[in-house]
Amino acid sequence: MNMKKYLTIGVFSILFLNLLSCDSEEIDGRWNDNIKLSEKNVSFTAELNSTVITTEGAWWWISGIRINDDWSYDLSDTDTSKENFVIEETEFRIERKNATEIHISMQKNQSNSERVLTIGLQAGNYFDGIKVTQSAN
């Protein structure tokens, strides 16, 4: 065999062994829970309410916010990967006071239908979220 064949076989062998050594979760793109939320579902009355959700992981960011079916909240002006930020809208306030606390408050729901606030979180290729359901008035 010539040197080119040895090199080709060597490269393919290394790539094949590397593929075999990968964890199956990395191969299909799914990551383990590296955020570890203390709570994923919260229920509020129609009154002004707030809660604090903690995380075990500190390397995460908010990937999206939705009230009912509206995902149109613009996060481009807020770096949600920082340890401190505030997102304040008419209906809600989300504040990250440190690496592992998310403070969520919702104003009084004066409508006749419940409101659902969904906060999408991401850490690398792991996606999670918090769902806050507020009763109707």
Side-chain angles (χ1 to χ4, degrees):
M1 279 189 170
N2 64 21
M3 187 62 149
K4 193 173 189 179
K5 283 186 180 181
Y6 281 123
L7 185 59
T8 303
I9 291 171
V11 168
F12 281 116
S13 297
I14 290 170
L15 290 174
F16 180 72
L17 291 173
N18 192 23
L19 183 63
L20 287 178
S21 69
C22 287
D23 186 351
S24 64
E25 291 178 351
E26 293 175 4
I27 292 173
D28 65 12
R30 291 183 300 214
W31 287 23
N32 289 328
D33 182 352
N34 53 6
I35 299 174
K36 295 183 172 59
L37 292 165
S38 63
E39 207 168 349
K40 295 183 182 189
N41 293 295
V42 178
S43 295
F44 283 165
T45 64
E47 299 304 312
L48 171 71
N49 282 278
S50 64
T51 189
V52 177
I53 307 288
T54 59
T55 67
E56 288 184 32
W59 182 70
W60 54 266
W61 59 90
I62 294 178
S63 57
I65 297 173
R66 175 176 83 180
I67 284 272
N68 298 328
D69 293 325
D70 183 9
W71 280 103
S72 65
Y73 294 98
D74 183 15
L75 299 174
S76 62
D77 292 338
T78 306
D79 183 356
T80 63
S81 66
K82 287 186 174 182
E83 288 190 15
N84 298 296
F85 65 80
V86 175
I87 299 169
E88 193 155 9
E89 296 290 334
T90 305
E91 301 95 347
F92 64 86
R93 176 184 168 99
I94 301 168
E95 183 175 4
R96 185 175 184 177
K97 290 190 176 185
N98 59 52
T100 61
E101 287 184 4
I102 308 166
H103 296 248
I104 304 166
S105 61
M106 291 185 71
Q107 295 298 320
K108 181 177 179 176
N109 185 358
Q110 298 183 14
S111 72
N112 293 330
S113 57
E114 78 177 11
R115 283 196 298 209
V116 179
L117 172 66
T118 306
I119 304 166
L121 300 175
Q122 184 176 349
N125 251 0
Y126 179 74
F127 299 86
D128 209 340
I130 301 166
K131 180 179 176 182
V132 180
T133 304
Q134 187 177 34
S135 301
N137 191 15

Which residues share a side-chain hydrogen bond (donor to acceptor under 3.5 Å, both in side chains) with T54, sequence neighbours left out = S38
L48 and Q107: CA distance, side-chain angles, deciding distance, side-chain contact (heavy atoms from CB on, under 4.5 Å) verdict | CA-CA 5 Å; L48 171 71; Q107 295 298 320; 4.0 Å; yes
Can you tell me if CG on D70 sees more than 12 non-hydrogen neighbours from other groups inside 6.0 Å?
-> yes
When rounded to the nearest 0.5 Å, the distance separating CD1 of I65 from CD1 of I87 is 3.5 Å
Flag yes if W60 and W31 sit in one hydrophobic cluster, no otherwise; membership is Ile, Leu, Val, Met, Phe, Trp, Tyr, and two members link when side-chain heavy atoms are under 4.5 Å apart.
-> yes
Quick one: closest heavy-atom pair of A58 and A99, and the distance?
-> CB-CB, 3.5 Å
Rounded distance (nearest 0.5 Å) linking atom CG of L37 with atom OG1 of T100 = 11.5 Å
Would you say Q122's side chain and G124's backbone share a donor-acceptor pair under 3.5 angstrom?
-> yes
I53 vs V42 side-chain heavy atoms within contact, under 4.5 Å | yes
Closest heavy-atom contact between T55 and I35?
-> CB-O, 3.4 Å
May I ask you to decide if S113's main-chain N or O and S111's side chain share a donor-acceptor pair within less than 3.5 Å?
-> yes
May I ask you to check whether over 12 heavy atoms, not counting those of K36, lie within 6.0 Å of atom NZ?
-> yes
Taking atom CG of N34 and atom CD of E56, what is their separation to the nearest 0.5 Å?
-> 11.0 Å
Do the non-hydrogen side-chain atoms of Y126 and D33 ever get within less than 4.5 Å of each other?
-> yes
Would you find a donor on one side and an acceptor on the other, under 3.5 Å apart, between the side chain of S135 and the backbone of F44?
-> yes
Any chance you could measure E89, atom CD, to D74, atom CG, to the nearest 0.5 Å?
-> 9.0 Å
For D69, look at atom CG and say whether over 12 heavy atoms of other residues, nucleotides or ligands are found less than 6.0 Å away.
-> no
Results of ring pair (Phe, Tyr, Trp, His ring centres under 6.0 Å) for W61 - residues two or more places apart only = W59
Apply side-chain contact (heavy atoms from CB on, under 4.5 Å) to L117 and I104, showing your working.
-> CA-CA 10 Å; L117 172 66; I104 304 166; 3.9 Å; yes
Between N137 (side chain) and N112 (backbone), is there a donor-acceptor pair under 3.5 Å?
-> no
Find the distance between CG (L75) and CD1 (I62) and round it off to the nearest 0.5 Å.
-> 7.0 Å
Steps toward side-chain contact (heavy atoms from CB on, under 4.5 Å) verdict (R96, T80) = CA-CA 8 Å; R96 185 175 184 177; T80 63; over 6 Å; no
First locate atom CE of M106, then atom CD of E91, and finally report the distance between them rounded to the nearest 0.5 Å.
-> 7.5 Å
N49 side chain near V132 side chain, heavy-atom distance below 4.5 Å | no
Are the side chain of Q134 and the backbone N or O of E47 linked by a donor-acceptor pair below 3.5 Å?
-> yes
Closest heavy-atom pair, R115 versus N68, reported as atoms and distance to 0.1 Å, is CA-OD1, 3.5 Å
Ring centres under 6.0 angstrom apart (F92, Y73) | yes
In sequence, state the C-alpha distance, the side-chain angles, and the governing distance for L121 and I130, and then conclude on side-chain contact (heavy atoms from CB on, under 4.5 Å).
-> CA-CA 8 Å; L121 300 175; I130 301 166; 4.2 Å; yes
